[in-house]
Amino acid sequence: MITIKKDDALFSVDIEKTKNYYEIHSLCNCKECHHYYAHIKNKFPKLDEFLSEFGVDISKPDEASSVDMGSYIDYLTVYYSVCGKPVSAKEYEFDLFDNLPLRVTINGEYAPNEQAGDYFMISVAGIKLPLR
């Protein structure tokens, strides 16, 4: 376990367990999720760097809520889980500008189907990926 500090918030994170989780967890088969898996990696480098610090693979979310807008898909909220637990804050939120304004929230309120043990969630709102 390592401790990650973001402003005044501390998180105890098992990086290796989190990475292993992302190697084996199941992915959704819908077209919106497949589009996300294929196109997210290089579109948001700052978000990828932030998530990687926690051991999270940006291209393998636990869940994504999305709407097909015709020329792009609006990913209203995308959820990632991290093995570990918040130490000093129940919730941590911040805005990240990475080609688009994104809202990042860390908390423990969403429960993915495959995660077990201590974990918390990172949710990202505002991701939009073009269809062409």
| Verdict with supporting geometry, Val13 and Met1, side chain to side chain contact (heavy atoms under 4.5 Å, CB included) | CA-CA 5 Å; Val13 177; Met1 294 284 243; 5.8 Å; no
| task | Determine whether more than 12 heavy atoms belonging to other residues, nucleotides or ligands lie under 6.0 Å from atom CD of Glu93. | result | yes
| task | Determine the minimum heavy-atom distance between Cys28 and Tyr37, stating which atoms define it. | result | N-OH, 2.8 Å
| request: Evaluate the side-chain proximity of Tyr119 to Val82: yes if any heavy-atom separation is below 4.5 Å, no if none is. | output: no
| query | Given side chains that start at C-beta, do those of Lys41 and Ile58 come closer than 4.5 Å, heavy atoms only? | reply | yes
| Can you check whether Leu129 reaches His35 side chain to side chain, under 4.5 Å on heavy atoms? | yes
| said: Taking the side chain as everything from C-beta on, heavy atoms only, tell me whether Leu10 gets closer than 4.5 Å to Ile4. | reply: no
| request: Please tell me if the side chains of Ser88 and Phe11 come closer than 4.5 Å, counting only heavy atoms from C-beta onward. | output: no
| task | Could you go through the side chain to side chain contact (heavy atoms under 4.5 Å, CB included) check for Ile127 and Leu100 one step at a time? | result | CA-CA 7 Å; Ile127 295 173; Leu100 291 172; 5.9 Å; no
| What's the spacing between Leu47 CG and Ile40 CD1 if we round to 0.5 Å? | 6.5 Å
| request: Using the ring pair (Phe, Tyr, Trp, His ring centres under 6.0 Å) rule, take His39 and Tyr36 through it: C-alpha gap first, then chi angles, then the decisive distance, then the call. | output: CA-CA 5 Å; His39 299 284; Tyr36 189 89; 9.9 Å; no
| Rounded to the nearest 0.5 Å, what separation is found between the CG atom of Asp7 and the CZ atom of Phe94? | 8.5 Å
| task | State the OG-OH distance between Ser81 and Tyr21, to the nearest 0.5 angstrom. | result | 4.0 Å
| Presence of salt bridge, Lys6 and Glu53, under 4.0 angstrom | yes
| said: Restricting to non-hydrogen atoms, name the atom on Gly55 and the atom on Lys19 that form the minimum distance, rounded to 0.1 Å. | reply: O-CG, 3.5 Å
| query | What are the two closest non-hydrogen atoms of Val78 and Pro61, and how far apart are they? | reply | CG1-CB, 3.4 Å
| Is Lys128 atom NZ crowded by more than 12 heavy atoms from other residues, nucleotides or ligands, each under 6.0 Å away? | yes
| said: Within the 3.5 Å criterion, strictly below it, is a donor on Asn107 or Thr105 matched to an acceptor on the partner's side chain? | reply: no
| Taking all non-hydrogen atoms of both residues, which atom of Lys17 and which atom of Cys83 are closest, and how far apart? | CG-SG, 3.6 Å
| said: Between Asp68 and Lys31, is the side chain to side chain contact (heavy atoms under 4.5 Å, CB included) condition met? List the steps. | reply: CA-CA 10 Å; Asp68 186 334; Lys31 74 173 185 141; 2.8 Å; yes
| said: With a 4.5 Å cut-off on side-chain heavy atoms, are Ile73 and Met69 touching? | reply: no
| side chain to side chain contact (heavy atoms under 4.5 Å, CB included) assessment of Leu76 paired with Ser65 | CA-CA 6 Å; Leu76 305 171; Ser65 164; 3.8 Å; yes
| For Asp95, does the CG atom have more than 12 heavy-atom neighbours from other residues, nucleotides or ligands under 6.0 Å away? | yes
| Cut-off 3.5 Å, side chains only: do Tyr80 and Asp62 have a donor facing an acceptor? | no
| field | Electrostatic pair Asp48:Lys43 at N-O distance under 4.0 angstrom | value | no
| query | Taking Asn99 for the side chain and Phe44 for the main chain, is one N or O donor matched with an acceptor at less than 3.5 Å? | reply | no
| query | Is there side-chain contact between Lys60 and Leu27, with at least one heavy-atom pair below 4.5 Å? | reply | yes
| said: Check the orientation of Tyr22 and His25. Use parallel for under 30°, tilted for 30 to 60°, and perpendicular for over 60°. | reply: perpendicular
| said: So, taking the atom named CD in Glu16 and the one named CD1 in Ile2, what distance separates them when rounded to the nearest 0.5 Å? | reply: 10.0 Å
| task | Report yes or no: does Lys46 contribute a side-chain atom to a donor-acceptor pair with the main-chain N or O of Phe97 at less than 3.5 Å? | result | yes
| query | Do Tyr79 and Ile122 touch side chain to side chain, with heavy atoms closer than 4.5 Å? | reply | no
| task | Search all heavy atoms of Phe54 against all heavy atoms of Phe50 and return the closest pair with its distance. | result | CD1-O, 3.4 Å
